[in-house]
**Q** 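Sharing a structure below in structure tokens format, with a few things to ask.
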Amino acid sequence: MFHMKNNPSALFKKIKNLSFIALLFLMVNCADQKPPLPETKEVSLKESFADNFLIGAAVNDALISLKDSLGANLIKKEYNTITPENSMKWMYMEPQQGVFEFETADRYIDFSTKNNIAFIGHNLVWHSQLAEWVEKITSAEELNASLKNHVQTIAARYTGKIHGWDVVNEALNEDGTLRNSLFLEKLGPDYLVNSFKWAEEADPKAELYYNDYNMTHVEKRKGAIELVKMLQKEGVKIDGIGMQAHWGLEDPTLEQIETSILAYADLGIKVMMTELDITVLPNPWDLEGAEVSQNFEGSEQMNPYSDQLPDSVATQLAKRYKDIFELFVKHSDKISRVTFWGINDGHSWLNNWPIEKRTNYPLLFDRSYQPKAAYHSVLEIKQDSTH
Ligand code: G3I
């Protein structure tokens with residue numbers, strides 16, 4: 001038999017084989033061990049801003065029914081308040097006259113109660129996403145009775161479980177006058193006073209808000225202030241004003257935002273950012289706000305980041321979020337809540353407004369629920385301030 005000892009080349013081969021096996025062993029075992037997570041001082045959004053204001057998000061049915069468990073877990077981790085994006089609007093809550101659908105809303109309330117999340121009802125009175133039967137009502141008496149029944153039935157059902165209600169949504173025109181909705185046309189400005197009064201009667205403990213977009217625009221701001229003063233003069237309870245905050249990378253300016261926060265706080269009520277998002281896409285008509293009836297066909301030019309957001313724009317978005325959160329923190333004695341209108345970019349209504357089927361990136365989490373640079377930049381504010 002040929003012995004290895006006497007054959008250096010066979011010995012070398014054997015060693016080579018053994019090293020190969022050892023290397024393979026190491027590779028398999030190392031692959032099993034995940035690389036350590038990068039050391040981070042970041043805590044969640046809700047923990048970071050716990051001393052400042054509630055931090056929330058608009059949520060949809062998939063999250064609440066836990067079909068989207070990643071999203072549901074993220075809600076529990078990051079936010080301490082939620083607002084249903086659509087499900088509590090009139091067309092879903094009372095699709096036929098006097099017939100209420102509570103199932104979905106009940107699920108939202110259960111989810112928030114179980115997870116100690118402050119629930120914001122959105123909304124009781126809005127001219128949009130109304131049920132068809134309401135639009136067909138011709139008599140003022142019937143409309144008034146239907147409005148009262150709608151507000152009282154829903155507010156009463158959730159007494160003690162709702163942190164606050166967007167009682168009236170978007171009742172103003174851009175020039176600050178009252179929007180000529182079905183309600184104003186048939187019931188006059190009394191519908192505003194009555195809606196707040198009925199909500200208070202049904203749920204005396206819930207906070208009651210007026211909520212609108214473009215609340216930094218001078219004329220609209222004047223109108224909103226007049227509206228709140230009118231409610232206060234009538235002796236009805238109004239606890240806060242919701243600046244929806246559907247904003248762009250540059251508009252409104254920080255100065256306009258600050259002036260508005262101060263002006264609303266002067267009314268002696270809470271100020272909230274209720275639907276915050278920041279569009280990064282071109283807006284050829286300079287549309288601002290959230291007038292949902294303005295919708296247009298798109299073109300490729302109007303959808304420049306369909307594959308991914310360029311780093312330069314991601315950085316711009318992160319800076320914009322950091323700037324506005326610095327301002328919110330500066331005025332956190334006046335601001336009680338900041339709610340994002342959605343959790344991840346893929347869910348945002350801004351993928352379909354003002355042009356349908358675009359790819360927008362307005363939130364803090366990407367389409368796979370990964371935190372974006374904007375998320376980190378917002379958290380940095382609190383880290384910076386503790387150093
Ligand atoms: O319910 C139908 C569904 O049956 C259908 O299959 C689907 C197909 O498109 O449409 C569904 O309805 C959509 C609805 O959201 C629910 O997903 C509507 O088309 C769509 O227009 C509607 O958009 C919502 C919009 O309000 C309607 O006014 C957005 O998701 C929601 O983010 C947006 O939220 C508003 C706030 O309530 C008030 N402030 C402005 C804000 C942004 O517009």
Side-chain angles (χ1 to χ4, degrees), residues 56-65 67-68 71 81-96 101 103-105 107-108 119-132 134-135 150 154 164-174 179 181-183 195 209-217 220 224 240-248 252 272-279 281 283 285 287-298 337-358 360-363 365:
V59 296
N60 57 48
D61 303 349
L63 292 157
I64 297 305
S65 62
K67 279 186 203 144
D68 178 355
T81 171
I82 55 170
T83 307
E85 184 174 1
N86 283 298
S87 319
M88 286 182 90
K89 293 172 182 173
W90 196 311
M91 65 187 290
Y92 300 113
M93 292 301 291
E94 194 187 357
Q96 289 164 46
E101 300 281 350
E103 206 190 312
T104 311
R107 241 185 292 136
Y108 276 90
F119 188 86
I120 307 300
H122 176 81
N123 49 52
L124 290 170
V125 187
W126 190 24
H127 63 277
S128 185
Q129 285 178 297
L130 266 177
E132 272 177 34
V134 186
E135 281 162 22
H150 186 81
I154 299 171
W165 272 109
D166 286 337
V167 179
V168 177
N169 201 37
E170 302 172 11
L172 290 166
N173 292 316
E174 291 310 288
R179 184 193 282 267
S181 67
L182 176 71
F183 300 115
S195 300
Y209 316 130
Y210 174 71
N211 187 48
D212 212 330
Y213 56 83
N214 286 347
M215 296 286 271
T216 55
H217 291 188
K220 200 157 183 178
I241 199 146
M243 300 173 65
Q244 290 186 6
H246 296 294
W247 291 336
M272 275 151 280
M273 305 297 149
T274 54
E275 305 185 10
L276 176 60
D277 47 28
I278 293 173
T279 181
L281 294 184
N283 183 0
W285 308 279
L287 289 177
E288 286 182 68
E291 179 50 62
V292 280
S293 58
Q294 297 168 324
N295 220 309
F296 307 89
E297 290 272 312
R337 172 169 61 95
V338 177
T339 294
F340 293 87
W341 207 238
I343 299 179
N344 96 28
D345 287 339
H347 299 152
S348 171
W349 73 292
L350 287 170
N351 293 302
N352 287 302
W353 187 91
I355 298 175
E356 287 187 344
K357 297 194 180 107
R358 296 197 295 178
N360 211 331
Y361 302 82
L363 298 165
F365 293 92

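Throughout, residue positions are numbered sequentially from 1 according to the sequence presented. Numbering of ligands and ligand atoms starts at 1, following listing order.
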**Q** What do you reckon, does Trp349 have a nitrogen or oxygen under 3.5 Å from a nitrogen or oxygen of ligand 1?
**A**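 It does not: no N or O of Trp349 is found under 3.5 Å from an N or O of ligand 1.
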
**Q** Taking heavy atoms and a distance under 4.0 Å, where does Tyr213 meet ligand 1: side chain, backbone, both or neither?
**A** neither

**Q** Atom OH in Tyr213, atom NZ in Lys220: separation rounded to 0.5 Å?
**A** 4.5 Å

**Q** Taking side-chain hydrogen bond (donor to acceptor under 3.5 Å, both in side chains) as the definition, give me every residue that meets it alongside Glu101, ordered by chain and number, with sequence neighbours left out.
**A** none

**Q** Within a distance under 4.0 Å of any heavy atom of His246, pick out the atoms of ligand 1 and give their elements.
**A**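 Checking each atom against His246, I get 40 (C), 41 (C).
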
**Q** Any idea which heavy atoms bring Thr274 and Gly242 closest together, and the distance?
**A** CG2-CA, 3.5 Å

**Q** Look at the side chain of Asp68 and the backbone N and O of Gly71, then say whether any donor-acceptor pair between them is shorter than 3.5 Å.
**A**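 Yes, Asp68 side chain to Gly71 backbone: donor-acceptor pair under 3.5 Å.
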
**Q** Does an N or O anywhere in Glu85 fall below 3.5 Å from an N or O of ligand 1?
**A**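 Yes.
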
**Q** With respect to atom 33 (C) of ligand 1, which of Gln129, Met88, Lys89 exhibits the smallest heavy-atom separation?
**A** Lys89

**Q** Of the non-hydrogen atoms in Leu350 and Pro362, which two are nearest, and what is the gap between them?
**A**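 Heavy-atom minimum between the residues: CD1-CB, 3.7 Å.
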
**Q** Only heavy atoms of Asn169, strictly under 4.0 Å: list the atoms of ligand 1 that pass.
**A**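 Taking each heavy atom of Asn169 in turn, ligand 1 has 38 (C) under 4.0 Å.
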
**Q** Between His246 and Trp353, does the ring centre distance come in under 6.0 Å?
**A**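 Judged by ring-centre distance (under 6.0 Å), His246 and Trp353 do not meet the cut-off.
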
**Q** If I apply the N/O under 3.5 Å rule, does Trp126 come out as touching ligand 1?
**A** no

